[in-house]
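The chains referred to below are lettered A, B, ... by the order of the sequence lines, with proteins before strands, and numbering in each begins at 1.
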There are 2 protein chains.
Amino acid sequence: MSTMLEVAKKAGVSKATVSRVLSGKGYVSDATKEQVYKAIEEAGYRPNLLARNLASNKSECIGLVVTNTLYNGSYFSEILSQAAKKLEDNGRQLILVDGKHSAQEEREAIQFLLDLRCDAVIIYPRFLSIDEMDEIIDQYKQPIMVVNRKLRKHQSHCICCDHKGSSYLATKHLIERGHRDIAFITGSMDSPTAIERLAGYKEALNQYDIGINDNLIVQGKWTPGSGVSAVESLYQRQDKISAIVASNDEMAIGAMKKLNDLGISVPGEISIIGFDNIPTAPYLSPALSSVKDPVSEMISEVINRLISMLDGGYLSKENIFTSDLLVRNSVIDGPYKSKKWVDKH
Amino acid sequence: MSTMLEVAKKAGVSKATVSRVLSGKGYVSDATKEQVYKAIEEAGYRPNLLARNLASNKSECIGLVVTNTLYNGSYFSEILSQAAKKLEDNGRQLILVDGKHSAQEEREAIQFLLDLRCDAVIIYPRFLSIDEMDEIIDQYKQPIMVVNRKLRKHQSHCICCDHKGSSYLATKHLIERGHRDIAFITGSMDSPTAIERLAGYKEALNQYDIGINDNLIVQGKWTPGSGVSAVESLYQRQDKISAIVASNDEMAIGAMKKLNDLGISVPGEISIIGFDNIPTAPYLSPALSSVKDPVSEMISEVINRLISMLDGGYLSKENIFTSDLLVRNSVIDGPYKSKKWVDKH
DNA sequence: TTGTACGCGTTATCAC
DNA sequence: GTGATAACGCGTACAA
């Protein structure tokens, strides 16, 4: 790996001049410019980013932390592809690192990115509590953005959407179509999103004076397999059911599969609705309906703002957002072809 | 951000001592160790990775380049989760950067990682030709591993599987169950994988003396939507069909959906088989069968070897693999419940 | 066991 | 326009 010094010698100039040519800052005569370019070519020179970033204290790259337990889901793909697309027009690099599976490891991932002098870090948290994140934001000079959690202190550092609201809408939608015996499959209950979605379901039932039957609520773990298990539990409990709200599409698919195996037609006898609207979901209808989670809009928004501030040169952790929290409503996305409902068993 | 020097002063020692404590190399008395740790704590000190890596010329991290056009697929999740899991026990960081959508950008992504002094770079190429990659490997001192392409020159730097073979098996499987009118939906034909899968299909037909009917071969683009379009084309052509081989699961799902809409039962009237075995695929059977792509095994294998050589301290681009190319057979993964086949229309 | 001093490859601030 | 030279924060012989 040749260095700048070697290039400088080859071109018969000083390091400083080579640096000027590369950065475009400062005056260099066209003649020497020419020579420097030639020398760079000949030497096969590549600037050492470590040295550059160390000296300049920036990096032109943005870090993203996501837990690898989320890598399986289509949800994750959405986050990543959105972030990458947004950033690529901007000449900045997106660096993803693994948040692994504990709060401690998530914190380390953030620090790693910070230690690498990323211009900013975006985290889609899975284990860190909002208080811990508030604390981390306090600790560091660099801007840290949190997606999908409402922080207590640094409200301008987070962006999230209304999971409770969208779950409420989904449930309400079913109720208005005549369903009253609606089961609910939760996500992993250590996730705020899972809790919010459950709350939305309950709120809708309450509003329509439908009693909450705990037998109709089963715990899932976000995976298709846990959707299968959930339907098994429901089936054993023998309660009447005409519709199922699954806390994500993966579980909805698992539930659908199990109902099929039990000889129960979907959506003929039981309607299912999921969340997140994974790419293949639309192709599974009419069996499955899905509520779109605006995750891509959130990521998109975060990056837009981050970029505009970085480019504007006035990024600091104090003024990331002028507005406070951004909440978007979710949208019901699939057609509900089945209006009838029947007793189970 | 406090520096090592500040910590040293606070602890009343020199930088070197602090460095020794941190690295564990060299002798330090327990007493001073104690003081240093205390000072680190007090100062909230974090080592600057840029400086550390610059000085030591390593980074304890491994780079991965994948094109963001692949981020949507479940295939990508598989790659990433596998890589992350493998690396996490090892204390090394995985850094993902976007290969975007051209050979040039893929090359830049590799260079970026190299310039960041990653210990090794793994690329899952989409645009770079094998010759270009051979050339890049020549150019740099650091080890670069290529997944899913068979290189011409540096065969020890790549790992791939037998896409043609698995496609052959899938087709043969259908033939042996009595199918003769088998349609094929290709992937994007600028992808070697797509070409190989098509070749496997053709080989199976040839071997059983079934003529290749170009009307039964339609081009897809890996997406569910293109699976829908493909079935539309097939339907219009009015040829007899009893089974469809789709070059991936996403397209198989799209195809399934379209057949449903046309009132054609799957797999009652037409069997479908896909590839890659995405996480939700098993839950879509018996409608859909899928051939597992051993991508996770490939990634796993690459990382295993990389790690053992990094830890062994004898990693160089000359001796990455002792064995040459690693090819694994793919496995038929889903049950084929339907054995009957009928005419279409 | 600990400290000194130099090197890593840049950027940036001066003079010239 | 261009060239020294001091940072940047850390590793590491070598000396003490």
*Asks:* Looking at every strand, decide which applies to Lys25(B) at a 4.0 Å heavy-atom threshold: base, sugar-phosphate, or nothing.
*Replies:*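 Since no nucleic acid heavy atom lies under 4.0 Å of Lys25(B), the category is nothing.
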*Asks:* Measure across Ile79(B) and Ile299(B) and return the closest heavy-atom pair with its distance rounded to 0.1 Å.
*Replies:*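 Taking Ile79(B) first and Ile299(B) second, the nearest heavy atoms are CG2-CD1, 3.5 Å.
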*Asks:* Using atom NZ of Lys9(A) as one end and atom P of dA4(D) as the other, report the distance to the nearest whole Å.
*Replies:*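 Going from NZ in Lys9(A) over to P in dA4(D) covers 12 Å.
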*Asks:* Using the salt bridge (Lys or Arg N to Asp or Glu O under 4.0 Å) rule, take Asp138(B) and Lys153(B) through it: C-alpha gap first, then chi angles, then the decisive distance, then the call.
*Replies:* CA-CA 10 Å; Asp138(B) 270 332; Lys153(B) 188 172 168 191; 2.5 Å; yes
*Asks:* Looking only at heavy atoms, what is the nearest atom pair of Thr3(B) and Tyr45(B), with distance?
*Replies:*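 Distance-wise, the nearest heavy atoms are C-CE1, 3.5 Å.
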*Asks:* Check every atom of dT2(C), dG3(D), dT10(C) against the side chain of Ser29(B) and return the nucleotide holding the closest atom.
*Replies:*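 That would be dT2(C).
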*Asks:* In whole Å, I'd like the distance from the CD atom of Gln35(B) to the P atom of dT1(C).
*Replies:*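 It works out to 15 Å between those atoms.
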*Asks:* Can you confirm whether Glu34(B) is buried at CD, in the sense that more than 12 heavy atoms of other residues, nucleotides or ligands lie under 6.0 Å from that atom?
*Replies:*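 Counting other residues, nucleotides and ligands, CD of Glu34(B) stays at 12 neighbours or fewer.
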*Asks:* Search all heavy atoms of Arg149(A) against all heavy atoms of Cys160(A) and return the closest pair with its distance.
*Replies:*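 For Arg149(A) and Cys160(A), the tightest heavy-atom pair comes out as N-CB, 3.8 Å.
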*Asks:* Look at all strands and tell whether Val13(B) reaches a base, only sugar-phosphate, or nothing, counting heavy atoms closer than 4.0 Å.
*Replies:*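 Counting heavy atoms under 4.0 Å across all strands, the contact made by Val13(B) is with sugar-phosphate only.
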*Asks:* Taking the side chain from Asn68(A) and the backbone from Asp98(A), do they hold a donor-acceptor pair closer than 3.5 Å?
*Replies:*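 Not at all, since once roles are kept as given, no pair shorter than 3.5 Å links the two residues.
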*Asks:* Which residues in residues 47-61 of chain B have at least one heavy atom lying under 4.0 Å from any atom of DNA chain C?
*Replies:*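 Those residues whose heavy atoms fall under 4.0 Å from DNA chain C, taken from residues 47-61 of chain B in numerical order, are Leu54(B), Ala55(B).
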*Asks:* Rounded to whole angstrom units, what separation is found between the CD1 atom of Ile40(B) and the C1' atom of dC10(D)?
*Replies:*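 Taking atom C1' of dC10(D) as the reference, CD1 of Ile40(B) is at 13 Å.
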*Asks:* Taking OP1 and OP2 of dT12(D), is either one under 4.0 Å from a side-chain nitrogen or oxygen of Ser19(B)?
*Replies:*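 Checking Ser19(B) against dT12(D): no side-chain N or O falls below 4.0 Å of OP1 or OP2.
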*Asks:* Of all residues at least two apart in sequence or in a different chain, which pass the side chain to side chain donor-acceptor pair (under 3.5 Å) check with Glu108(B)?
*Replies:*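 Glu108(B) satisfies side chain to side chain donor-acceptor pair (under 3.5 Å) with Gln104(B) once adjacent residues are dropped.
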*Asks:* Please state whether the phosphate of dG1(D), meaning OP1 or OP2, lies under 4.0 angstrom from any side-chain nitrogen or oxygen of Thr32(A).
*Replies:*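 For Thr32(A), the contact criterion (side-chain N or O under 4.0 Å from OP1 or OP2 of dG1(D)) is not met.
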*Asks:* Nearest-Å distance, CE (Met4(A)) to P (dT5(D))?
*Replies:*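 Met4(A) atom CE is separated from dT5(D) atom P by 18 Å.
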*Asks:* Should the side chain of Arg20(A) and the base of dG3(D) be counted as holding a donor-acceptor pair, with the cut-off at 3.5 Å?
*Replies:*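 Looking at the base of dG3(D), it does pair with a donor or acceptor on the side chain of Arg20(A) (distance under 3.5 Å).
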*Asks:* Report the distance from atom OH of Tyr27(A) to atom P of dA12(C), rounded to the nearest whole Å.
*Replies:*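 Roughly 16 Å, once rounded to whole Å.
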*Asks:* Minimum heavy-atom separation for Val18(B) to Met4(B), with atom names?
*Replies:*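 In this case the closest contact between Val18(B) and Met4(B) is CG1-CG, 3.6 Å.
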*Asks:* Check for a donor-acceptor pair, side chain of Ser19(B) on one end and backbone N or O of Lys15(B) on the other, with a separation under 3.5 Å.
*Replies:*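 Pair absent, no side-chain N/O of Ser19(B) close to backbone of Lys15(B).
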*Asks:* With a 4.0 Å cutoff (strictly under), does any side-chain N or O of Thr17(B) reach OP1 or OP2 of dG3(C)?
*Replies:*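 Looking at the OP1 and OP2 atoms of dG3(C), one of them is under 4.0 Å from a side-chain N or O of Thr17(B).
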*Asks:* Under 4.0 Å: is that the gap between some side-chain N or O of Tyr45(B) and OP1 or OP2 of dC10(D)?
*Replies:*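 Yes, such a contact exists.
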*Asks:* Tell me what Arg46(A) touches on the nucleic acid: a base, only sugar-phosphate, or nothing, going by heavy atoms under 4.0 Å.
*Replies:*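 Sugar-phosphate contact only - Arg46(A) comes under 4.0 Å of backbone atoms but never of a base.
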*Asks:* Expressed in angstrom and rounded to an integer, what is the separation of Lys15(A) atom NZ from dT13(C) atom P?
*Replies:*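 After rounding, the gap between these two atoms is 15 Å.
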*Asks:* Report the end-to-end axis angle of the helix from dT1(C)-dA16(D) to dC16(C)-dG1(D); each axis comes from five terminal pairs, and the value is rounded to 10°.
*Replies:*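 Rounded value for the end-axis angle: 40°.
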*Asks:* So, is Ser14(B) close to the dT4(C) phosphate, meaning a side-chain N or O under 4.0 Å from OP1 or OP2?
*Replies:*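 So the side chain of Ser14(B) is outside the cut-off, no N or O lying under 4.0 Å from OP1 or OP2 of dT4(C).
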*Asks:* Ignoring hydrogens, what is the shortest heavy-atom contact between Lys58(B) and Asn53(B)? Give both atom names and the distance.
*Replies:*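 Minimum heavy-atom contact is O-OD1, 2.9 Å.
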